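All values derive from a computational prediction rather than experimental measurement. Quick note on labels: first sequence line is chain A, next is B, and so on, each numbered from 1.
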There are 4 protein chains.
Amino acid sequence: MPGAGRADRRRHTRRLEILSAAARSFRSRGFAATGMREIAAAADLSPANLYHYFRGKQELLYFCQETSLERMLAAVRAARRARTPAAERLRAVIRAHVDCVLGEMEGAAAHLEVDDLPAPLKRRILVKRDLYERDIRRIVAAGITSGEFVDCDAKLTTQAILGALNWSVRWFRPDGERSPSDVGTAFAAYLVRGLIAAPSASRSNGRKRA
Amino acid sequence: MPGAGRADRRRHTRRLEILSAAARSFRSRGFAATGMREIAAAADLSPANLYHYFRGKQELLYFCQETSLERMLAAVRAARRARTPAAERLRAVIRAHVDCVLGEMEGAAAHLEVDDLPAPLKRRILVKRDLYERDIRRIVAAGITSGEFVDCDAKLTTQAILGALNWSVRWFRPDGERSPSDVGTAFAAYLVRGLIAAPSASRSNGRKRA
Amino acid sequence: MPGAGRADRRRHTRRLEILSAAARSFRSRGFAATGMREIAAAADLSPANLYHYFRGKQELLYFCQETSLERMLAAVRAARRARTPAAERLRAVIRAHVDCVLGEMEGAAAHLEVDDLPAPLKRRILVKRDLYERDIRRIVAAGITSGEFVDCDAKLTTQAILGALNWSVRWFRPDGERSPSDVGTAFAAYLVRGLIAAPSASRSNGRKRA
Amino acid sequence: MPGAGRADRRRHTRRLEILSAAARSFRSRGFAATGMREIAAAADLSPANLYHYFRGKQELLYFCQETSLERMLAAVRAARRARTPAAERLRAVIRAHVDCVLGEMEGAAAHLEVDDLPAPLKRRILVKRDLYERDIRRIVAAGITSGEFVDCDAKLTTQAILGALNWSVRWFRPDGERSPSDVGTAFAAYLVRGLIAAPSASRSNGRKRA
DNA sequence: TATGAATGAGATTTCATTCAT
DNA sequence: TATGAATGAAATCTCATTCAT
């Protein structure tokens with residue numbers, strides 16, 4: 001029954017278009033401030049018709065987060081499999097993360113507002129998000145253990161990295177001077193450099209203050 | 001006329017309490033998702049009475065942002081006046097920023113949702129925010145010029161730093177293992193280290209855009 | 001106890017000032033759209049203090065209407081006692097009415113929004129208003145009976161007259177070219193002339209149409 | 001595509017019903033005192049559903065005024081085109097005005113509360129209202145110039161006429177003895193007679209301001 | 001699949017009024 | 001007398017969602 005197949009494919013395409021529209025809105029105005037009418041308009045559908053593709057607003061958010069978390073998880077897993085130094089693996093993950101949240105791909109809003117999901121969906125997203133964070137943390141920790149990275153709090157450092165990456169959706173303008181790839185490259189360089197011991201140098205390298 | 005003075009002080013105290021409650025709510029649930037009822041309840045007032053102290057929700061947001069921006073501006077100005085190396089100045093600003101956004105002080109939400117303000121208030125906040133960012137960027141740029149920091153894009157690096165700092169309100173839990181001061185110290189160390197040339201300057205540096 | 005007397009007089013003065021302020025507001029924005037805060041501000045009192053002089057908003061409206069109805073009733077009674085022709089008596093009433101509703105005297109809002117009063121007060125106002133209308137109607141009817149006026153529906157004509165007079169508060173501007181007295185004189189001339197038989201003239205004097 | 005046409009017509013009908021209900025409420029209780037709930041109930045809709053047809057309360061008022069002003073403008077223009085004496089033209093306008101404000105047609109509230117409109121809508125209504133008043137004033141002025149009417153202040157006289165007409169919505173009861181057409185005829189006769197020189201031109205004429 | 005109509009719940013905000021001092 | 005603080009009720013309006021077609 002190829003007709004059904006074609007309809008299915010069409011439906012799937014539509015769903016991706018909607019997800020993309022929703023992601024864009026969620027990113028730029030936030031979940032609570034984004035109306036279903038707005039999403040529908042952006043996806044060129046009537047508000048009522050939206051409900052033929054998704055059960056509701058929360059499900060849209062869920063799929064947005066699900067989609068980009070999957071993509072980012074794939075990236076971090078590929079990085080972990082690579083036999084390159086921790087620094088290089090971490091840079092790859094950072095570039096992938098930036099590509100994902102700043103690119104025009106559908107669903108790139110994984111970093112946003114988990115609390116707006118109903119409990120069961122929230123749990124599922126949290127599991128993946130924690131897996132993702134843990135994988136990054138493990139790259140950091142591995143670098144520390146191997147001596148490639150300086151000794152530091154892997155957890156806090158990972159949060160700093162993720163913060164720099166996730167916050168980018170707030171200031172990035174697609175029509176600005178830098179491309180997502182520029183941002184990814186610069187962030188990767190800077191954020192990894194902070195894990196590598198500075199030259200024996202001097203008084204300017206550490207804690208100090210009283 | 002000490003009676004009037006006392007009444008004024010009382011009113012001022014109340015306003016700070018309300019601001020504090022609002023800031024907490026805005027930080028944890030976002031502006032749009034936070035209801036006036038919620039803020040009123042948190043400040044132990046009836047919803048209607050809230051309007052005796054502030055004209056409306058947007059004014060609350062404005063004062064939150066104004067208050068913490070002022071505090072942070074003071075910190076960054078003090079740092080710029082100091083005759084210490086750029087690294088030390090930057091660390092001081094980072095620690096102050098974290099203290100400000102994670103501390104329990106009223107209004108600590110300057111980094112949030114400028115778009116929800118009406119145009120005139122938005123302009124005023126943006127002016128201050130831009131001043132603040134520019135001051136940090138200047139510390140970074142000064143370090144680059146003097147050779148203390150590696151050559152990099154000062155603007156993007158500043159955004160990365162601010163992202164790491166601002167995002168902390170999303171994951172930080174006051175009852176967790178780390179104190180705001182722990183976070184500030186670790187972030188200062190990590191984020192400044194990334195500006196100092198690493199020793200084994202490998203070929204995998206990956207910046208230096210065209 | 002002259003002190004009490006002085007306080008009473010003072011209180012009475014204040015009440016008149018408030019009534020005047022309330023009347024001005026009611027006239028220019030209507031009862032429902034006028035807030036107690038607005039009246040209080042116009043009378044230079046705190047909102048709460050207003051309630052020391054009047055029980056509430058409806059009582060203010062009541063006294064406004066009561067005051068000017070009394071004044072207008074006095075005028076119409078004086079006119080009825082006069083032994084002048086009906087035309088002259090009617091003109092006097094019209095001038096007094098205009099003076100009353102356009103002048104700066106307190107309470108000049110009798111023509112407004114009886115329905116906003118609670119039933120008992122409403123009844124009392126309606127009694128007076130009906131007395132007033134009846135007195136005017138009687139002047140009209142007397143003129144008709146005596147042959148001084150043309151034969152017409154006294155009731156409808158009275159409504160037309162009152163409409164012209166009452167509506168003046170909607171378009172009259174105290175800083176405009178005409179004074180209240182100008183308006184009163186012109187209206188008196190025009191509205192009375194309509195009651196006096198036009199010259200035998202022609203086809204242009206009456207019903208006609210089909 | 002007759003289906004769409006039918007739906008459109010249905011929607012249009014609904015809008016007229018709502019407008020009619022709103023006009024009735026505004027006329028009898030005033031704009032500020034009329035609640036959206038009330039209008040919704042009168043139009044047999046849920047309050048929320050009202051907003052499917054009109055953007056808000058002010059838009060309802062605007063369309064009420066717009067609708068009846070258009071109708072009245074058409075009447076006054078037709079009258080001006082007629083080659084009958086000024087008296088007859090004025091009578092026609094008066095009858096049309098009364099028909100319009102007292103009839104059960106939708107939107108007949110043009111004379112009400114322009115100040116409750118937002119500035120841009122207010123401007124548009126004022127333009128039309130001024131055109132209407134000017135057209136009536138011109139009929140009066142033409143009669144004066146031609147000697148058909150007595151010499152008088154055309155502006156004030158027009159205001160008197162409009163006041164008599166507009167005020168009628170305040171006292172007219174559809175279930176009373178007089179029909180709107182009775183009122184229109186009586187008002188037309190009386191208000192035009194006042195413009196025609198009375199025979200016994202006594203000294204008590206009292207106009208002719210300095 | 002597609003959509004205009006419909007709605008209950010809830011948002012922010014205003015208001016007349018009262019209370020405590 | 002005077003007032004800032006306080007509030008319950010109600011106002012306008014929005015929103016996610018469902019229904020009927």
S.K.: Identify each atom pair where a protein N or O and an N or O of nucleotides 5-7 of chain E are less than 3.5 Å apart, giving names and distance.
M.R.:
from: E/dA5; atom 1: OP2; to: D/R11; atom 2: NH1; distance (Å): 2.6
from: E/dA6; atom 1: OP1; to: D/R14; atom 2: NH2; distance (Å): 2.9
from: E/dA6; atom 1: OP2; to: D/N49; atom 2: ND2; distance (Å): 2.8
from: E/dA6; atom 1: OP2; to: D/Y53; atom 2: OH; distance (Å): 2.6
from: E/dA6; atom 1: O5'; to: D/N49; atom 2: ND2; distance (Å): 2.7
from: E/dA6; atom 1: N7; to: D/H52; atom 2: NE2; distance (Å): 3.0
from: E/dT7; atom 1: OP2; to: D/S46; atom 2: N; distance (Å): 3.3
from: E/dT7; atom 1: OP2; to: D/S46; atom 2: OG; distance (Å): 3.1

S.K.: Over how many whole Å does the gap from D/H12 atom NE2 to E/dG4 atom P extend?
M.R.: 18 Å
S.K.: Measure from the side-chain N and O atoms of B/R15 to the backbone N and O of B/Y53, and report whether any donor-acceptor pair falls under 3.5 Å.
M.R.: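 Checking the backbone N and O of B/Y53 against the side chain of B/R15, a donor-acceptor pair under 3.5 Å is found.
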S.K.: In whole angstrom, give the distance that lies between atom CG of C/D116 and atom P of E/dA16.
M.R.: 12 Å
S.K.: In the structure shown, which nucleotide is the Watson-Crick or G-U wobble counterpart of E/dA2, with both distances under 3.5 Å?
M.R.: F/dT21
S.K.: Using whole Å, what does the distance between atom P of nucleotide E/dG4 and atom CG of D/D8 come to?
M.R.: 10 Å
S.K.: Taking atom P of F/dC13 as reference, at what distance in whole Å does atom CD1 of D/I39 sit?
M.R.: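 Going from D/I39 (CD1) to F/dC13 (P), I get 10 Å.
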S.K.: How many Å lie between CZ on A/R29 and P on F/dC15, as a whole number?
M.R.: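 Nearest whole value for this atom pair: 9 Å.
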S.K.: Tell me: CZ of A/F54 to C1' of F/dA16, nearest whole Å?
M.R.: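 One finds 16 Å between C1' of F/dA16 and CZ of A/F54, rounded.
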S.K.: Within the distance-only criterion (no hydrogens, no angle test), does the side chain of B/R124 pair as donor or acceptor with the backbone N or O of B/Y62 below 3.5 angstrom?
M.R.: no
S.K.: So, the side chain of D/Q58 versus the backbone of D/D116: is there a donor-acceptor pair under 3.5 Å, distance only?
M.R.: yes
S.K.: Just by modelled atom types, is the A/L16 backbone N or O under 3.5 Å from a matching donor or acceptor in the A/S20 side chain?
M.R.: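 No; zero donor-acceptor contacts below 3.5 Å.
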S.K.: Calculate, to the nearest 0.5 Å, the distance between atoms CD and CG belonging to A/Q65 and A/L126 respectively.
M.R.: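 So the CD of A/Q65 and the CG of A/L126 are separated by 9.0 Å.
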S.K.: Please report, rounded to the nearest Å, how far the P atom of F/dT17 is from the OH atom of A/Y51.
M.R.: 4 Å
S.K.: Taking atom C1' of E/dG4 as reference, at what distance in whole Å does atom CZ of D/R15 sit?
M.R.: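 Taking atom C1' of E/dG4 as the reference, CZ of D/R15 is at 14 Å.
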S.K.: Start at the 5' end of DNA chain E and walk down; is the nucleotide closest to B/K57 or to C/G56 reached first?
M.R.: B/K57
S.K.: Would you confirm whether A/R29, through its side chain, and B/D115, through its main-chain N or O, come within 3.5 Å as a donor-acceptor pair?
M.R.: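 Flag not set: sc A/R29 to bb B/D115 has no pair under 3.5 Å.
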